Amino acid sequence: MPRLRLGHASVPRVSRTWDDDWEARRAGKSCPMCAEGRPDESHGNARIFAGRVSDAYLVRGDVGQPGYTIVIWRGKHVADATELSEPDATTYFREVLTVARALETHYHPAKLNLEMLGNSVPHLHTHVIPRYADDPKPGWPFPFPDREPRQIDEDDFRRDVEALRR
């Protein structure tokens, strides 16, 4: 089998595992995050922050982790933070930190995780995930496959949304 050389490592030829339309989606074709604009509510989640380049949504859905928030880049479509200019990257990360600090102040988690994935929806966004003292797997990433999501009471959720918007 022919082998490719990359620096000092040998990389064998591999079969493609990404979807056939991955590159088009990564480039922004039919991007759901671009298409939705900047709504106050998105998929049952409530916007708690509207920044210059991002929006943050407190997740109500089926995650069941109080404070779980997604910060979404709202400039021209990019899939990864590495595609941002220095000023845009600085502004985005400052806004992510603003949201993270508000979540820390409101929820008082034991730890706060920041995750930038985009393997499913290739649009720059950051998951901000509070981890609590009763965390069932403190050394593991969220979500926990063996745990049923906690149900978040609607009144509690709305109270948190209002507090975080302030």
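What you see is a predicted model; the values in this text were computed from it and never measured.
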Side-chain ([X]) to main-chain ([Y]) donor-acceptor, under 3.5 angstrom:
X    : Y    : answer
R131 : K137 : yes
E95  : V53  : yes
H77  : G75  : no
R60  : F157 : no
T105 : L103 : no
S85  : D88  : yes
H123 : C31  : no

Check this for me, if you would: do [X] and [Y] make a salt bridge, where the nitrogen-to-carboxylate-oxygen distance has to be below 4.0 angstrom?
X    : Y    : value
E36  : R47  : no
D80  : R26  : yes
R158 : E162 : no
D19  : R25  : yes

Mind checking the [atom1]-[atom2] spacing from [X] to [Y]? Nearest 0.5 Å is all I need.
X    : Y    : atom1 : atom2 : answer
M116 : L124 : CE    : CG    : 4.5 Å
H108 : Y132 : NE2   : OH    : 10.0 Å
S54  : R38  : OG    : CZ    : 7.0 Å
T69  : D55  : OG1   : CG    : 12.5 Å
L58  : S42  : CG    : OG    : 12.5 Å

Report task. Assert yes or no for the condition that the ring centre distance of Y57 to F49 is strictly below 6.0 Å. Result -> no

Query raised in the report: Do H125 and H127 make the cut of ring centroids closer than 6.0 angstrom?
Result: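 Judged by ring-centre distance (under 6.0 Å), H125 and H127 do meet the cut-off.
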
Query - Qualifying residue, where the test is side-chain contact (heavy atoms from CB on, under 4.5 Å) with Y92 and the options are L97, V78, L84 - result: L84

Requested in this report: Please work out which of the three classes, parallel, tilted or perpendicular, describes the rings of F142 and Y68, given edges at 30° and 60°.
Outcome: tilted

Requested in this report: Quick one: closest heavy-atom pair of A102 and L164, and the distance?
Outcome: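 It is O-CD2, 3.7 Å.
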
Query raised in the report: Is any side-chain heavy atom of D21 less than 4.5 Å from a side-chain heavy atom of K29?
Result: no

Query raised in the report: Under a 4.5 Å cut-off applied to non-hydrogen side-chain atoms, are L112 and P109 in contact?
Result: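 A side-chain contact under 4.5 Å exists here.
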
Query raised in the report: With E23, which residues qualify under salt bridge (charged side-chain N to carboxylate O under 4.0 Å, His left out), at least two apart?
Result: none

Requested in this report: Would you check, one step at a time, whether the test side chain to side chain contact (heavy atoms under 4.5 Å, CB included) holds for I70 with V128?
Outcome: CA-CA 6 Å; I70 300 174; V128 185; over 6 Å; no

Query raised in the report: Would W140 and D135 count as a side chain to side chain contact (heavy atoms under 4.5 Å, CB included) if you check the C-alpha gap in whole Å, the side-chain angles of each, and the deciding distance to 0.1 Å?
Result: CA-CA 10 Å; W140 294 80; D135 194 309; over 6 Å; no

Query - CA sep, side-chain torsions, deciding dist, call: R159, D156, salt bridge (charged side-chain N to carboxylate O under 4.0 Å, His left out) - result: CA-CA 5 Å; R159 220 175 354 265; D156 292 342; 2.4 Å; yes

